[in-house]
Amino acid sequence: MEKQRGSFTNRLGFVLAAAGSAVGLGNLWRFPYLAAKYGGGIFLLVYLVLAVTFGFALMITEIAIGRKTKLSAVGAYGALDKRFRFLGYLSSLVPFIITPYYCVIGGWVLKYFTVFLTGQVTASASDDYFTGFITQPAAPVIFFVIYALLTMVIVILGVEKGIEKASRLMMPILILMTIVISVFGMMQPGAMDGLVYYLKPDFSRFSATTVLAAMGQLFYSMSLAMGIMITYGSYMKKDAPLEKSVRQIELFDTGIAFMAGLMIIPAVFTFSGGSEEALGKGPSLMFITLPKVFESMKFGTVIGAVFFLLVLFAALTSSISLAETLVSILMDRLGWNRKKTCVAIMIFILAVGIPVSLGFGIWSFIAPLGMSLLDFCDFVSNSVLMPVVAFLTCIFVGYIIKPKTIIEEVELNGPLKIRKFYVFMIRFAAPICLVAILVFAVMEAMGAISV
Ligand code: PHE
């Protein structure tokens, strides 16, 4: 098994690839719509606090587990303690749920790229364009299939060639582009109100739901609690400074999410007046707001095309990382070769993704817990499974293998600066918060508390 495991050629390669996994639709699409919906500034504040405490501790833990065992999730937990093998399986379940629907949204992005490429800006800026598209039976499915194929082709090429090269090339351009678009957006009339809404916390809007949404987003955005960072850690060399790498990945990830909010939220105020309804658009927010921005920009068609191309790249590095995790799990487990495994995974993605895509249109009668299939998958992974996995990981590290196992691995590259804090987070703060969140998530789903 060891022989097949590639490894990143240098530390920058690792940071960029892990950041490539972390930075994706979660930052560009999911973060802004949650921030808009859950009160702007207060959501941002809660998210930031969680990122530097909770997110940091969890990411250190996962990467260290991967690097220590040189295995992906199932093998890794099993190698540290046989009884916790199930935790590996449980966390592996998450990318299986996310990957298909992630590719569905990837397909939407692909569609918008082609829309701008063919100059249909005005049409795409109209209010019903997006809904019109996702409710069709064939078109979104076709874009989804193309997107999924793109992902798998890169995965077949292997770790260094595919993932590393792709992420290196695309990340810097994406950052530049978000800066340009947000600066333009903020110069538009009404945008200042949006900026205030986004940056100034309104404490009257603080609630358990805000924390809950922010926490789910944190897992999602940083690719935590699903075995992904374990897989990435397993590709990391022993001499690479782990703590510093984690800081850089977090900074990258949070920075881009912040920029995405800056790009989208003020624009909602400019074009839709910042009403409750406009801010609460949910998953469609990016696809509805940004075309309006591009339509009003000089050279908006070109800028829009380039932008959606970059979002596509960001999404691809994430779906590659998702698919790579699935492939690596099956390869480690079943001893299949890479090609055969990739084909199997592709079939799986299609089998789940097609119903998810149709769930907005002809299959919308399938509505578990009153949600669309996509929202349901998102809910099961982000609000249920991930908190459970994160909780069990804390218990596992805090009380079974003990924090010192992780700390020793991290300290192969020099002292862990926040040793005491880390132990406190893993043993007490994180598990207690997680239980609270989980309870609220379930109660919310049952409609027991009003949101
Ligand atoms: N973290 C990625 C994002 O922000 C999404 C992702 C989730 C990637 C799960 C890998 C695994 O878009």
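Read the numbers this way: they start at 1 and go in the same order the structure lists the ligands and their atoms.
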Should the pair Lys111 and Trp108 be classed as cation-pi, given the thresholds of under 6.0 Å to the six-membered ring centre and 45° from the axis? no
Should the pair Arg205 and Tyr38 be classed as cation-pi, given the thresholds of under 6.0 Å to the six-membered ring centre and 45° from the axis? no
Below 3.5 Å, N or O to N or O, backbone or side chain included: is there any such pair between [X] and ligand 1?
| X | value |
| --- | --- |
| Gly26 | yes |
| Leu25 | yes |
| Ser221 | yes |
| Ser223 | yes |
| Ala22 | yes |

Nearest-option assignment for atom 11 (C) of ligand 1, heavy atoms, candidates Leu322, Thr325, Asp253: Leu322
Among Glu324, Met386, Met226, which one has a heavy atom closest to atom 9 (C) of ligand 1? Met226
Quick one: are Met222 and Leu58 in side-chain contact, heavy atoms under 4.5 Å?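 No, their side chains stay 4.5 Å or more apart.
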Enumerate the atoms of ligand 1 whose separation from the nearest heavy atom of [X] is less than 4.0 angstrom.
| X | answer |
| --- | --- |
| Tyr220 | 1 (N), 2 (C), 4 (O), 5 (C), 6 (C), 7 (C) |
| Ser321 | 10 (C) |
| Ile228 | 10 (C), 11 (C) |

Mark yes when over 12 heavy atoms from residues, nucleotides or ligands other than Lys238 sit less than 6.0 Å from its NZ; otherwise mark no. yes
Which is it for Asn27 and ligand 1 at heavy atoms under 4.0 Å: side chain, backbone, both or neither? both
Electrostatic pair Arg338-Glu324, nearest N-O below 4.0 angstrom: yes
Could you check Phe307 against Phe113 for ring-ring contact (aromatic ring centres under 6.0 Å, His included), going step by step and ending with a plain yes or no? CA-CA 8 Å; Phe307 176 79; Phe113 170 56; over 10 Å; no
Evaluate Phe31 against Tyr47 for ring-ring contact (aromatic ring centres under 6.0 Å, His included), listing each step before the verdict. CA-CA 10 Å; Phe31 181 85; Tyr47 185 85; 5.1 Å; yes
Criterion ring-ring contact (aromatic ring centres under 6.0 Å, His included) on Phe84 and Tyr89, from CA distance to verdict: CA-CA 9 Å; Phe84 272 76; Tyr89 285 110; over 10 Å; no
Taking only non-hydrogen atoms of Tyr102, do any sit less than 4.0 angstrom from ligand 1? yes
